Amino acid sequence: MSDEKSFHMTPDEFRRHGHAVVDWIADYHSRIESFPVLSQVKPGQIRASLPANAPAQGEPFDALLKDVEKLILPGITHWQSPNFFAYFPSNGSGPGILGDLLSSGLGVQGMLWSTSPACTELETHVLDWLVPMLGLPEKFLSSSTGGGVIQDTASSAALCALLAARERATNYASNQKGCDGRIVAYASSQTHSSLEKASMIAGIGVSNLRLIDVDENFAMRPEALARQIEADKRAGLVPCFVCATVGTTSSNAMDPIAAIAEICRTHNLWLHVDAAMSGTAALCREFHHLQNGVEFADSYCFNPHKWMFTTFDCDCFWVADRKALIRTLSILPEYLRNQATESGAVIDYRDWQIQLGRRFRSLKLWFVIRHYGVEGLQHHIRRHVELAQQFAEWVRSDSRFEVAAPVPLNLICFRHKGGDAANQTIMERLNCSGDLFLTHTKLNGKFTLRLCVGQTKTEARHVEKAWKRICEEAEKVTVAA
Ligand SMILES: Cc1ncc(COP(=O)(O)O)c(C=O)c1O
């Protein structure tokens, strides 16, 4: 036996502390409703409670867990609370957490097929499963011309799609020579800000990302898109890419994919469909119509880490033509050369993403899908939509409020008729109370409340309480006015 000095955690210690951590997580979830949903700390408060310097000597593990409870929990906004209605959710689940834990336990870095074949092959397989589950076109299957890959976020997916589009439009010259300022991309004025960032990073430039006008439902106007593309072509520019959104962040607007796809086909533009939040709804047949035309997309992404119970981070991204993506992102330095890659018989996912290294994310997705089954996932998605529609009905039938945008799924945009200040006050009071957390947007220049029903454990009683609390705060605002 070696008597070499070691500071490592022994396997027995790991087992004991690991059980304690799992117990802590289970307890946390069972008492989560006792915490204020939005953290109530002031800026700097958490840091001020931490020691100025790192410990010279290691500390007992129990002390770490105690400090999580004492020092960290106050600074947590409880995303997993059933009273979390803000932004879009980042929901999780038991199988998702355990899959993520196993991924850490295996500690695999799956940049190449050969650096862990199961990491690559499970990912390919699960993304192939999802194609029929979501009613996506067969061309996205790995057995066809395309294939799927897990990205960290929808922002990365958009960037990869934009880069591939840029390369395809310039016959793969801009990777070599850089952009010449003539390449143009298109999205609606309601598109997520990640497209603006992608345009910055891809060298297209924010002013060459055309933000197309939307209709009264906040969906892209295809005729405005066509006009802008034609004007850009006449000006000698090179249109290359359009992003259509299934469920915009601000109001859950649905861009008309089929009409946009038609324009893309006419002008040979890459069509990326961003379904980050609402793509999960496609698990249910009755919501397929929201993404009619997806069969014409060159790429598509949705985030199981938003609404499909898969612990952050997990964005599924498919392309119709994997060769275009790989040619855009592939670089093979000598130190990564290996027989499997040279044989051409394997997928090396490093060629499908920005980063080189990658985690074994498909494990948690696999666990979630196998735990719930398609039936279980559909059940909970339908329930969230039902609860949201019920909430929208309450808003519609209360003369103090109005619904501010269509409610196709589980996001309700609404406002008190008392004006911006009244709405802001209602929101701030609710969030300060800790009873629930909701956020806002601006629609047609007006401050608008957003309530999204998508947290894993949200039930009717939580949505009922949210409406009751909103009404109570509205009452106070009206009295004060
Ligand atoms: C429609 C849409 N696209 C993209 C994003 C960006 O998501 P991510 O955090 O995965 O980059 C969001 C985030 O809410 C979104 O709603």
Side-chain angles (χ1 to χ4, degrees), residues 77 79 84-92 96 134 148-163 185-202 209 211-212 214 217-220 241-257 260 271-282 287 290-291 294 297 299-318 353-355 358-359 361 364-365 384 405-406 408-413 437-443 450-455:
T77 288
W79 282 75
F84 185 101
F85 299 103
Y87 309 110
F88 278 148
S90 183
N91 70 16
L134 297 168
V149 57
I150 299 179
Q151 303 278 342
D152 51 6
T153 59
S155 302
S156 295
L159 175 59
C160 291
L162 182 56
L163 289 169
Y186 304 82
S188 93
S189 59
Q190 298 291 307
T191 302
H192 190 263
S193 56
S194 51
L195 266 293
E196 200 173 314
K197 201 179 253 191
S199 302
M200 288 155 59
I201 301 169
L209 173 68
L211 297 182
I212 304 299
V214 293
N217 293 328
F218 309 102
M220 189 192 287
F241 169 95
V242 179
C243 174
T245 306
V246 177
T248 59
T249 319
S250 182
S251 73
N252 222 358
M254 304 287 166
D255 286 340
I257 304 176
I260 293 170
L271 173 60
H272 175 62
V273 175
D274 174 3
M277 171 66 194
S278 300
T280 296
F287 301 128
L290 296 173
Q291 49 188 37
V294 71
S299 55
Y300 175 97
C301 80
F302 91 110
N303 286 5
H305 75 223
K306 279 190 170 19
W307 194 16
M308 211 181 89
F309 315 116
T310 308
T311 314
F312 192 87
D313 52 351
C314 183
D315 166 272
C316 295
F317 174 56
W318 287 270
Q353 62 174 24
I354 306 298
Q355 308 87 339
R358 60 202 323 277
R359 308 198 296 124
R361 292 195 188 92
K364 60 187 173 192
L365 188 55
H384 284 161
L409 292 167
N410 61 336
L411 176 73
I412 305 101
C413 289
F437 180 28
L438 78 173
T439 48
H440 80 283
T441 186
K442 274 208 167 154
L443 294 176
R450 288 169 83 264
L451 183 136
C452 186
V453 182
Q455 223 310 309

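This one's a predicted model, so the numbers in the text were calculated from it and none came from an experiment. Order of listing sets the numbers, starting from 1, for every ligand and every atom in it.
For Y87, the OH atom sits in a loose shell: 12 or fewer heavy atoms of surrounding residues, nucleotides or ligands are nearer than 6.0 Å.
If you check which protein heavy atom lies closest to atom 11 (O) of ligand 1, you get S155 OG, 2.5 Å. Nearest to atom 7 (O) of ligand 1 among the protein's heavy atoms is K306 NZ, 3.5 Å. Summary of contacts: the protein heavy atom closest to atom 15 (C) of ligand 1 is T249 OG1, 3.2 Å. Atom 12 (C) of ligand 1 has as its closest protein heavy atom H192 CD2, 3.3 Å.
T248 does not count as a contact of ligand 1, since none of its heavy atoms falls under 4.0 Å from the ligand. Within the structure, the closest approach of D315 to ligand 1 does not fall below 4.0 Å when heavy atoms are considered.
With respect to D313 and K364, a salt bridge is recorded, a charged nitrogen being found less than 4.0 Å from a carboxylate O.
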Next item on the list: Would you please test R450 and S250 for side-chain contact (heavy atoms from CB on, under 4.5 Å) and show each step?
Entry: CA-CA 8 Å; R450 288 169 83 264; S250 182; 5.6 Å; no

Next item on the list: For N410 and N252, run side-chain contact (heavy atoms from CB on, under 4.5 Å): C-alpha distance rounded to whole Å, both residues' side-chain angles, the deciding distance at 0.1 Å, then the answer.
Entry: CA-CA 9 Å; N410 61 336; N252 222 358; 4.0 Å; yes

Next item on the list: Verify side-chain contact (heavy atoms from CB on, under 4.5 Å) between T249 and M277, making sure each step is shown before the conclusion.
Entry: CA-CA 8 Å; T249 319; M277 171 66 194; over 6 Å; no

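Per-residue contacts place F88 under 4.0 angstrom from the following atoms of ligand 1 (heavy atoms of the residue considered): 14 (O), 16 (O). For ligand 1, the atoms sitting less than 4.0 Å from at least one non-hydrogen atom of H305 are 10 (O), numbered in the order shown with element in parentheses. Of all atoms in ligand 1, numbered sequentially from 1 with element shown, those under 4.0 Å from a heavy atom of G247 are 1 (C).
Relative orientation of the W307 and H384 rings is parallel, given thresholds of 30° and 60° on the angle between their planes.
No part of M277 comes within 4.0 Å of ligand 1, judged by heavy-atom distances. At a heavy-atom cutoff of 4.0 Å, ligand 1 is contacted by the side chain of D274 but not by its backbone.
Residue T245 places no N or O, backbone or side chain, under 3.5 Å from any N or O of ligand 1.
At distances below 3.5 Å, at least one donor-acceptor pair connects side-chain atoms of Q455 with backbone N or O atoms of W79.
Annotation for Y186 and L209: closest pair N-CD1, 4.0 Å, computed over non-hydrogen atoms.
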